[in-house]
Amino acid sequence: VAQYNLIEAVGNSKSETAIPFLQEILSKDLDESNRAGAAHALEKVGGPKAIQILEDALKKEQETTAKMAIVYSLKHLTGKNYDESKPNEQ
């Protein structure tokens, strides 16, 4: 819970300096809820780099909750629909 709160606070900062930390959580954290939190935090930070990290993570993520958070964040940032495995240019 403490780490999730930290991830949320970092996202609320909306600082691009948070991107490497959030990318690390999204790609390596064993806790699915932390990865989902990192996806939402990257959504708050926004920008092309956050979008690319989320798209890359979507290709690798296996767990439903984290995958859905990534899809939601990407849709919010880009306005595009994403399926569970790859971007869909609709």
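On a predicted model such as this, the values are computed, not experimentally measured, just so you know.
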Distance, nearest 0.5 Å, that separates CG of D29 from CD of E24: 9.0 Å
Audit row: D56, Q23, side chain to side chain donor-acceptor pair (under 3.5 Å) steps and yes/no: CA-CA 10 Å; D56 291 345; Q23 182 177 20; 5.9 Å; no
Gap separating the NE2 atom of H40 from the CD atom of E43, nearest 0.5 angstrom: 7.0 Å
CZ on F21 to CD1 on I7, rounded to 0.5 Å: 5.5 Å
Worked check of side-chain contact (heavy atoms from CB on, under 4.5 Å) between L54 and L26: CA-CA 8 Å; L54 288 165; L26 190 59; 4.0 Å; yes
Separation between CD of E63 and CE of M68, rounded to the nearest 0.5 Å: 14.0 Å
Residue pair S13 / V10: nearest heavy atoms and the distance that separates them: OG-O, 2.5 Å
Residue pair Q3, D31: steps toward the side-chain contact (heavy atoms from CB on, under 4.5 Å) verdict: CA-CA 10 Å; Q3 187 170 8; D31 187 323; over 6 Å; no
Close side-chain approach of E55 and L74, heavy atoms under 4.5 Å: yes
Rounded distance [0.5 Å steps], CG in L22 versus CG in L42: 4.5 Å
Sidechain-backbone polar pair: E8 side chain, A41 backbone, donor-acceptor under 3.5 Å: no
Distance in Å, K80 NZ paired with I51 CD1, rounded so as to fall on 0.5 Å steps: 8.0 Å
Y72, OH: over 12 other non-hydrogen atoms inside 6.0 angstrom: no
Check ion pair R35-E61 (N to O, under 4.0 angstrom): yes
Short side-chain to backbone donor-acceptor contact, S73 and A39, under 3.5 Å: yes
Side-chain heavy-atom pair I25, Y4 within 4.5 angstrom cut-off: no
